Amino acid sequence: MLTNAIVKEVSRLSPEKQKEELAQVAPRLLEELSLTKEHVKAGLPALEGAENGVVMRFAPNPSGPLHLGHARAALLNDAYVRRYGGKYILRIEDTDPRRVDPDAYTTVREDCTWLDLVIDEIVFQSDRLDTYNEYARNLISIGGAYVCTCEADQFRELKLAKRACPCREISPEKNLELFEAMLNGEYGEGEVTLRVKTDIEHPDPAVRDFSALRIVSSPPHPRVDATVFPLMNFSVAIDDHLLGVTHVIRGKDHIANTARQRYIFDYFGWKPPVYRHYGRMGIEGVVLSTSQMKAGIADGIYTGWDDIRLGTLRAIARRGITPEAVRNAVLEIGIGETDISFSWENLYAKNRDIVDPVANRYSFVPDPVLLEIADAPCGFVAQAMLHPNDPSRGYRNLPFDGSVFIPKADLVCPGMIRLKDLFNIRLGEGKDCLVATFAGKSLDEARKAKAPIVQWVPPEHTIPCVLHKPDGDMKGYCEPMVALDAGKVVQFERVGFVRIEKATAMLIEAYWGHR
RNA sequence: GCUGCUAUAGUGUAGACCGGCCAAUCAUCCCGGCCUUUCACGCCGGGGACUGGGGUUCAAAUCCCCAUAGCAGCACCA
């Protein structure tokens, strides 16, 4: 074939040569080619149908404080609302009395504030029980749902065999009666459930005639007096429609739910939102399961929800991780469908970007040893910058009075070290190790001798400090001036970024962030 | 087991829909060096990946099939 021969001939040319040829023969084609590949989209992918604004929601279950997993859902949705404009709804999904922790109503909102979500409206599902019941009646009357009195086990067997249960044949009129009886408390917990009629042969057994409402008689719900509660798939579908939600971004564990919820939209003739399901996210070394954390706290393994070994937002906030860092990290991860293992290193890097320019620098001497420098000139006051890249912030003063605390790890005997911002000293050998001698002021000499520059504190001008790390406490001394930065993130030089949680006259308490 | 989704460096991500510009992006990480009275920041250099096998095609990270692995769901939880 002629075309074949030509293609072969073109292929023999180098790409550059091909471009040249094309520029001569068909310059407009070349333009098109470069156009297609140059739409470098920054950040998150565009959302279909979002051009005129979106309504999105963050819908946590109030069972405990928010953790990093929640933060991904909350921040991703938030980012799209910010990008396209519209409305962001915080919907508290408290329809399972067994899984409601009353404290969480406030902690969840505090955590949302911390994350700086642009929430426009707050909805409690427990306020809307009447609405769900009303729509349940509608669904029953159009033959889309039925009251099922089968045993759960028995129903499951039928379902797996793609067979309908006997209750499915009952008329809408009768079902309406049964439903009212259900609402009137004529049934006990577990005796009945309202099922949505789906394709009984649906390829995914999880969607076949799923439950929409059920009875929970204990424990009592903290906010409402009721025993009939909707299941998530029912209340979510009703609310998403009634609240005008246009786009939903959630984890892929909801993928089967999307199929179920679609049935409800179809029955009522509603247009479903656009759904996106991102992959599962694990975080190295922590449990993100609220129930497991709760159990750990109850067992005394963790000190509380803000135990720094946990992945809750309160725990990482305590460590001086900023909400901006969480946001940046989470947006970088995006809405990919692949399962990921989120690494602390990536979060730390984002936080360092934010915190490094603002954190004041201080000396903290962990595991201190006292060193006498008998022959050194006394009456010295070392001046160290609060921030090396910003001299305008001023200095800290460290008066030298003949002896210093330095970290035991820096005790190299024999050897020379430089006390940061002060002078050089030489350490003796063996039992003379702790007897240091003055070795000049020259920084150049210290550099030439490859002497490590170590942080120190004067014993007469210092305060005990405990640095709490996830793997245990580190005790030592730090500069008293650290107290001025209580509540803030500072950098302990040569140690890392920490948050000063408490500063009393007797003790500084710091929490470890990262290097 | 069944139903479905996914597979790019240690980690995260771009490229994939529309096959050639990919000897594959960016960040993190690791290793050198420079700068610097911190092991921070900054700068320079280096390291490291298309899960495997077939197929289609002049051409495959990209399309198709199979295998493998991971994950999700299979609740009267969310």
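Here is how names work: the chains are called A, B, and so on, in the same order as the sequence lines, proteins then strands, and each is numbered from 1. The shown structure was predicted, so the numbers you read here are calculated from the model rather than taken from an experiment.
Residues A:H221 and A:F229 place their aromatic rings such that the two centres sit under 6.0 Å apart.
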query: Reading RNA chain B 5' to 3', what string of ( ), [ ], | and . shows its pairs, if Watson-Crick and G-U wobble pairs count only when both distances fall under 3.5 Å?
result: (((((((..(((.......[.....)))((((((.......))))))...(((((..]....))))))))))))....

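Comparing B:C71, B:U28, B:A40 against the side chain of A:R280 picks out B:C71 as the nearest. When each of B:U11, B:C74, B:C76 is scored by its nearest atom to the side-chain atoms of A:T193, the top-ranked nucleotide is B:C76. Closest contact between the side chain of A:A256 and the listed nucleotides B:G12, B:G73, B:U37 involves B:G73. When distances run from any side-chain atom of A:E332 to the nucleotides B:C29, B:G12, B:U37, the shortest one goes to B:G12. Closest to the A:L231 side chain, of the nucleotides B:U37, B:U11, B:C76, is B:C76. Closest contact between the side chain of A:K350 and the listed nucleotides B:A27, B:U37, B:C76 involves B:A27.
Within the 4.0 angstrom heavy-atom criterion, base atoms lie near A:V192. Looking at heavy-atom distances under 4.0 Å, A:F497 makes contact with sugar-phosphate atoms alone, never a base.
A:T95 has a side-chain polar atom (N or O) that falls below the 4.0 Å cut-off from OP1 or OP2 of B:A78. Contact annotation: A:R156 does not reach the phosphate of B:C74 (side-chain N/O to OP1 or OP2, under 4.0 Å). Considering only side-chain N and O atoms, A:R99 lies nowhere under 4.0 angstrom from the phosphate OP1 or OP2 of B:A78. For B:C29, the OP1/OP2 oxygens have a side-chain nitrogen or oxygen of A:R352 closer than 4.0 Å. For A:R91, no side-chain nitrogen or oxygen approaches OP1 or OP2 of B:A78 to under 4.0 Å.
Going from atom NE2 of A:H387 over to atom C1' of B:G42 covers 12 Å, rounded to whole Å. Atom P of nucleotide B:C39 and atom CD1 of A:I406 are separated by 16 Å, given to the nearest angstrom. Put simply, CZ on A:F400 is 22 Å from P on B:U37, counting in whole angstrom units.
Nearest-nucleotide assignment on RNA chain B puts the 5′-proximal partner with A:N389, out of A:N389 and A:E191.
Under the 3.5 Å distance criterion, the side-chain polar atoms of A:T198 are matched with a main-chain donor or acceptor of A:D209. A donor-acceptor contact shorter than 3.5 Å links the side chain of A:R396 to the backbone of A:R361. For the pair A:R208 (side chain) and A:H202 (backbone), a donor-acceptor distance under 3.5 Å is present. When atom types are taken as modelled, the side chain of A:D339 and the backbone of A:R280 share a donor-acceptor pair closer than 3.5 angstrom. Of the possible polar contacts, none joining the A:D356 side chain to the A:R352 backbone as a donor-acceptor pair under 3.5 Å is found.
Partners of A:E157 according to the salt bridge (charged side-chain N to carboxylate O under 4.0 Å, His left out) rule, which considers only residues two or more places apart in sequence or in another chain, do not exist here.
At a non-hydrogen distance threshold of 4.0 Å, A:P203, A:D204, A:P205, A:A206 from residues 197-206 of chain A come into contact with RNA chain B.
Salt bridge status for A:R91 with A:D240: present, with a side-chain N to carboxylate O gap under 4.0 Å. Looking at A:D410 and A:R494, a side-chain N of the basic residue comes within less than 4.0 Å of a carboxylate O on the acidic one, giving a salt bridge.
Taking the centre and axis of the six-membered ring of A:F155, the NZ or CZ atom of A:R195 falls inside the cone set by 45° and 6.0 Å.
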